[in-house]
Structure formats: C-alpha cells, structure tokens
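Report on the following structure.
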Amino acid sequence: MNTVMYYLCWPLGWIMKWCWELLDNYGLAIILFTLCTKIILLPLSIWVHKNSIKMVTIQPAINRLKAKFYGDRDRIAEEETKLYKTVGYNPFASSIPLLVQLVLLMAVVYIIKQPLSHILRLDAGTIAELAKLAGVDDVMEGQLTIVQKAQAGLFDGLVSSDLIPALDSIKALNMSFCGFDLGVIASEVWGKYIWVPIIAGVSSLILCLVQNAINVLQAEQSKLSRWGTTILSVGISLSLGFFVYCGVALYWVASNLFAILQQIILNKIIDPYKSVDKADLEESRQALADIEALDSRNTKDEKSKEYAKREKADYKRFFKIVNKKLVVYSERSGFYKYFEALIEGLLKSSNLTIHYITADPEDAMFKRAESEPRIKPYYIGPKKLITMMMKLDTDICIMTTPDLENLYIKRSLYRKDVEYIYVPHDMMSVHMGFRKGALDHFDTVFATGGHVEREVRSTEKVFGLPAKTIVPFGYPLAEKLEKSYEAMDKTPHTRKEILIAPSWQEDNLLDSVIDVLIAQLSADDVHLTVRPHPEYVKRYPDRIEALTAKYKDVPAERLTFELDFTTNTSIYSSDLLITDWSAIAYEFCFSTKKPVLFVNTKIKMENPDYKDIPDVPVEISLRDQVGVSLEKDELPARVNDAARDLLANGEAWNARITELLHQHLFSYGTNGAVGVKYILTRLRDIQNQKKNQK
C-alpha cells in the first residue's frame, strides 16, 4: 500500500512543492494546492454536474415509474435502467467525486506525513542518514519526527557537510499556520487544537447546507436523505479534525469551501433549472407521495401487526390458487352493497367461486364467507394491492374504483386479456363526477342509465378511444333502498322532519349558509336535523365542535346534530332533504319519492374539463326535476316558502319522481340480473376460446 501511495503522491507532491516555494507559507501552500486540484478536476466536475441535471430532468418519469410499479422493485429497477440508457445518465457518476476526494485525501495525508520525500524532494539516502540520527526505524512514517528534531537543533554539529544543505532546507520548512502546527494531530496535543475538528465540522455543515439548496440533484432528494448525508459528512469531518494531521484538516476545510464556490460557478455557467420542468416535477412528486401515503396505519400497533400478518398470508393464499375466473376488488366494507346483487345472483345462478379482495381488514365479507364457501375473501392493504393487481391472473375483474391505470391500480402485466368491468357506486355522471379519463382503461362499463351510456360514447368520440362494452345494468342498490323504505314505519311525524345533509367539498352548506337555513326554517311544527358528511367530520372536527356549541341551547325537539353515521334511518324517515351537491339527494328521492331542496353552492366536480363532453351532467339536469334549487342569496327570502311548498305537494312529487326513476335507470326491478347474465356469458365465451386455442 505504501508503494502505491508513494507513486500516487509523487506528481501531487510536485504540485505541493511548487505551491510551497511560490508562497513560502506551508498553510497557504496547502490551500493553493487544494485549489489546483479543483482546477485539474474541473472537467470531471462539469461532467458530473451535467449528469446530475440529466437525473433531475428524468426525475418526473422516475417518480411516475415508482408510482406505477409501486412495490415491484425488480420492475422499477428494470424500467429505470432503460430510462438511464435513453438519456445517457450514469447512476454511478455522483459517486466519482467522492472516490476522487478520498484518494486525494489519502494522498494529502501521505504528503504531509512525508514532507522530506514529497515537498523537499530529498533523496532516499539523505533521508535514511537523517533517520539514523533521529533514531527513526521507518524512514517513510517517521519523517515528521525528523523535521521536529532538526528544527529543534538536535542535529546541529552531528551531520556531515554533505547533509548540511538538506538540514537547512528542513529548518526552513515552517509548518506553522495561524498559530497551529500543521504537522501535529489534534487529539494528541489538545488545548487550542480542539478548534481544528470544530472548524472542519462547520465547513462540512456549510457545504452540505449550500449543496442541499443549490445542487440540482441533492435539492431533489428527500429530507431524510439530505439530512442523513449532512450528519454523515459532519461526523466524518469531526473525526478527520481529531485524528489526522492538522495540515490534512486544513486541506479538508479548504476543499469544502472551494466546493461551494465551484457549485455556484457551475450553476451560473450551466443553469440546471433551465432543463427542468418544475411543474411536472412537482406533479410527479405528488403522485408518488399519494401512493406512499395510501397506508397510514401505525405499524407498531398490535392490531396493525395482526393485520400485516393476515395481509401477508392472504397475499400468498391468493396466488396459490390457479385458474381464477372472477375477482372482485372492494375499497372497504361498505362497498359490498354495490356488488351485492351481482354476487348473490352469481352464487344462485352458477357454481362460480368469487375471489373478493378488500382493503378493509374488518370487511363484512369475511363474515359472509363463513356461510358461503364459494366466496374467498382476502385482505390486501392499498400498498400491497399495487403489486397484486399488476400480477393479477383472472378472466374478469370487477370494481367500483375508477381511474384504473391512471392512479395506483394498474391493469395486469401478467395477463393482457383480463376483462375489467366498472360497476357503478352511484347514479350520477361519469364525466363530471369522475376525474378526466377515469373509465378509459376499462373494457366494460355497467351503466346505471342512458346518461352513462351517452357520456361514455361521447368521451370515446371526442378523444378517439376504442369502444367499450356498455351493459344496461341499472342500479340495484336503488331497488334495495326503495324496498327498505317501503318496509319502514310511515306514521306521520308530529313535526315535519327536514334533514340538512350537505356534501363536504368547498363552499358546502355548513361552511356557507347553515346559519341562514336554521334561522329561516326553525318553527314550532318543524324539526331540523343537521347531518354533516362523514368526511367533513373527519377533516374539520374543530368546525363541527364550534357549530354544535353555537346551537347547544336550542331544544332538541327543534334542532339535532346527527354525528352517528352507523345508521341511515334519519335520511329516509325525513319529509324533506336539503343539500348542495351530495349524491345522497338522488338515493333519497328515488327511494322515498320525496322531493329535494337544492342550494346552488360551488359546483362539485372532479373533472374541470367536463364541458369537453357535450352531454349535460345529470347532477345538473336532474336538480329541477326532483325538487327545487335556490341560489345562496335567495335563501333568506325564499327558502322557507320553497320548503313548505315541497312538503305540501308530496303526492304530485311522488308521481313525478316515480316516473323519472324508471326513465333514469336501466333494468329497474331486475336486481342486477342483466349484469349476472353478462358475466356468466363472458366467462363461458372465454373458456370456449381457451379450449379452441388448445
């Protein structure tokens, strides 16, 4: 190792010798030497800088890869490698400066430790004779001892005449700088030398802070990564300051400060952010963050640990089963109601096994499966689900979750012929109520009514999309709700029951006009129930607390705040519903045949470009067919009269809404039989195709 370092230090030693002879100051020579190495390595630094810019330029694509293939490390690595080759990015380039810096650091250690060889350039014989005089066995490791003894005058009168020039040059080698001996180690002398590691550590901290702010690659790393690097760098610098020669510590401090100057200059010459789309970068970063935030469980909680074990076991169990024909994905327990008619119909009409994936460990389907062996439920959390769905092997997959392929749930990479069926979870539009392109990657759409079919076909035409299969499925849940309402006790209320049930989006009733509604509708013959949206209660507990406190003195027979969402009794027992843009309006009116009073707050939409599709969303077109809509500024003068008029004309509204119900929904009264028939027919066709291929 000493031989390798000797030959590595030989050219660098000439640079140090030149710096020392030029400045006649050992400390300044080290600083100039450091600057020289930065200049020599500038082409390498420029290459690394450009390479870093390439990395940040492709960072949006990498973020989207990580989001798209979340959890599949092998696939992410494979796709990243392809991307690197496309743009010519070398992922190891960022480590080159560190390796070079380490080599230089080792060289500087040897140069400072061996000044007779590398700075004074004394021949080996002269150094050997001086070593004998100094009582040093190792002529390479003991050169600083020779310098110290020579400068202390211990060799005076003892050396031969031919060694006197060498002795004079050694005495002229002043290794003091700013009151510090650069040839000693701080941990061996202490005292004022405690400042050496502190200065080294501070210089490293300053460098890291500046790099985190202006280095294009480091600025885009996570906070954890940036601060981890900072802590490591400062720790290394403190160690260097304590345990290496003070001259090496000076080199390290100078190197850190010159690195800051170099980064500033490189940023000026080659501006990294001219090549970076900041908006795209931020959007991709948010997309990845959304995926990473999917599962927010406290993994240290005992219950969560139990769920994690179940998830792991269910994941393995799912993939052990081959030849799966039908897979259902449900976001949570409450979503079974949207699949119920299909699942129960399939169980009655076939011997089909239904594989039911749920993101809810307490899903009611686990209980249902105890009495029905052909239902196979699996608990798979949102993150694990990403990988599962990409490896999905089934003939048909049905789900109520839109945005297939656009968000975290992707089509199977294992089987390209899986048929994905969208099952509706409300009766509303699919172009305003969903994100743009939410249904584009489904093969089949179970439509609630003609409005969905029109919207899907219009979307396909406007954007040139392939035609999907549209099944006139209807909305079996509406039939179930209607039957449940018909079975309810309909004894007239002593007071008219008015339910205020807003949505939770911006400008909802609670945030805009709730005080006006309560003030105008309060009366001796009316009982008001305010039922916030569950999401509103979860997001804004302080607002709810303030609102209920404000009306705490109002008697319960006049006003009630309903915060228990385990039952929907109050919804369907009400005589009148008042809402803004909540989808509950249509479930209420189509089940009870009672009208709704709408308040035109800021419109609720997921797709701001919904007007690209010529069809008017039913959220808008139906408002004045199932009730009355008022502007917010009309409420003080009109809301009470409008409400009483709706209450007084119940029979007329009943007939009107009943007729509208059958116009609005497909296959009403069949309890999803059309969907059951379609699935069984498709499964039979798929099996026949497989047989023919064999």
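Everything quoted here is computed from the prediction, not taken from an experiment. Atom set for the values below is all heavy atoms of this structure, side chains included, hydrogens, waters and symmetry mates excluded.
When all heavy atoms of Arg368 and Tyr336 are compared, the closest pair comes out as NE-OH, 4.4 Å. The two residues Phe319 and Met388 come nearest to each other via the heavy atoms CZ-O, 3.8 Å. What you find for Gly474 and Pro424 is that their closest heavy atoms are O-CG, 4.1 Å. When all heavy atoms of Thr579 and Ala501 are compared, the pair lying nearest together is OG1-O, 2.6 Å. The two atoms that bring Val418 and Asp443 nearest to each other are O-OD2, 3.3 Å, heavy atoms only. Minimum interatomic distance between Phe666 and Ala447 (heavy atoms only, all atoms of both residues): CD1-O, 3.6 Å.
Rounding to the nearest 0.5 Å places CG of Leu65 at 10.0 Å from CD of Gln59. Atoms OG1 and CG, from Thr358 and Leu385 in turn, are 10.0 Å apart once rounded to the nearest 0.5 Å.
Below 30°, between 30° and 60°, or above 60°: for Tyr586 and Phe590 the angle between ring planes is between 30° and 60°, a tilted geometry. Aromatic ring pairs are classed by plane angle as parallel below 30°, tilted from 30° to 60° and perpendicular above 60°; the pair His662 and Tyr668 is perpendicular. Ring geometry for His355 versus Tyr378: interplanar angle under 30°, hence parallel rather than tilted (30 to 60°).
In this structure, Glu311 contributes its side chain and Gly381 its backbone to a donor-acceptor pair below 3.5 Å. His451 places a side-chain N or O within donor-acceptor distance of the main-chain N or O of Met427, the cut-off being under 3.5 Å.
Residue pairs that meet the salt bridge (charged side-chain N to carboxylate O under 4.0 Å, His left out) test with at least one member in residues 604-620, sequence neighbours left out, are Lys436-Asp609, Lys436-Asp612. The salt bridge (charged side-chain N to carboxylate O under 4.0 Å, His left out) contacts involving residues 622-633 comprise Asp507-Lys632, where partners must be two or more places apart or lie in separate chains.
Side-chain N/O atoms of Glu562 and Thr529 include no donor and acceptor closer than 3.5 Å. Counting only N and O atoms by type, the side chains of Glu587 and Tyr475 include a donor and acceptor under 3.5 Å apart. Of the N and O atoms on the side chains of Ser333 and Glu362, not one donor lies less than 3.5 Å from an acceptor on the other residue. Ser429 and Tyr610 are not linked by any side-chain donor-acceptor pair at a separation below 3.5 angstrom, with hydrogens and angles left out of the test. For the residue pair Asn688 / Asp685, no side-chain donor-acceptor distance below 3.5 Å is found, with atom types taken as modelled. A donor and an acceptor atom, one from each side chain of Ser503 and Asp580, are located under 3.5 Å apart. Gln687 and Asp395 share a donor-acceptor pair across their side chains, judged by distance under 3.5 Å alone.
Within 6.0 Å of the CD atom in Glu506, the count of heavy atoms belonging to other residues, nucleotides or ligands does not exceed 12. Residue-environment remark: OH (Tyr414) stays at or below the threshold of 12 foreign heavy atoms within 6.0 Å.
Taking the ring centre of Phe366 as origin, the terminal cationic atom of Arg310 falls inside the region bounded by 6.0 Å and 45° from the ring axis. A cation-pi contact, defined as under 6.0 Å to the ring centre and within 45° of the axis, is absent between Lys593 and Tyr485.
Residues passing the salt bridge (charged side-chain N to carboxylate O under 4.0 Å, His left out) test with Asp360: none are found, sequence neighbours excluded.
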Test log, rule side chain to side chain contact (heavy atoms under 4.5 Å, CB included), inputs Val445 and Ile470
CA-CA 5 Å; Val445 174; Ile470 305 292; 4.0 Å; yes

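For the pairing with Phe473, the ring-ring contact (aromatic ring centres under 6.0 Å, His included) check across Phe339, Phe446, Tyr678 returns one residue only, Phe446.
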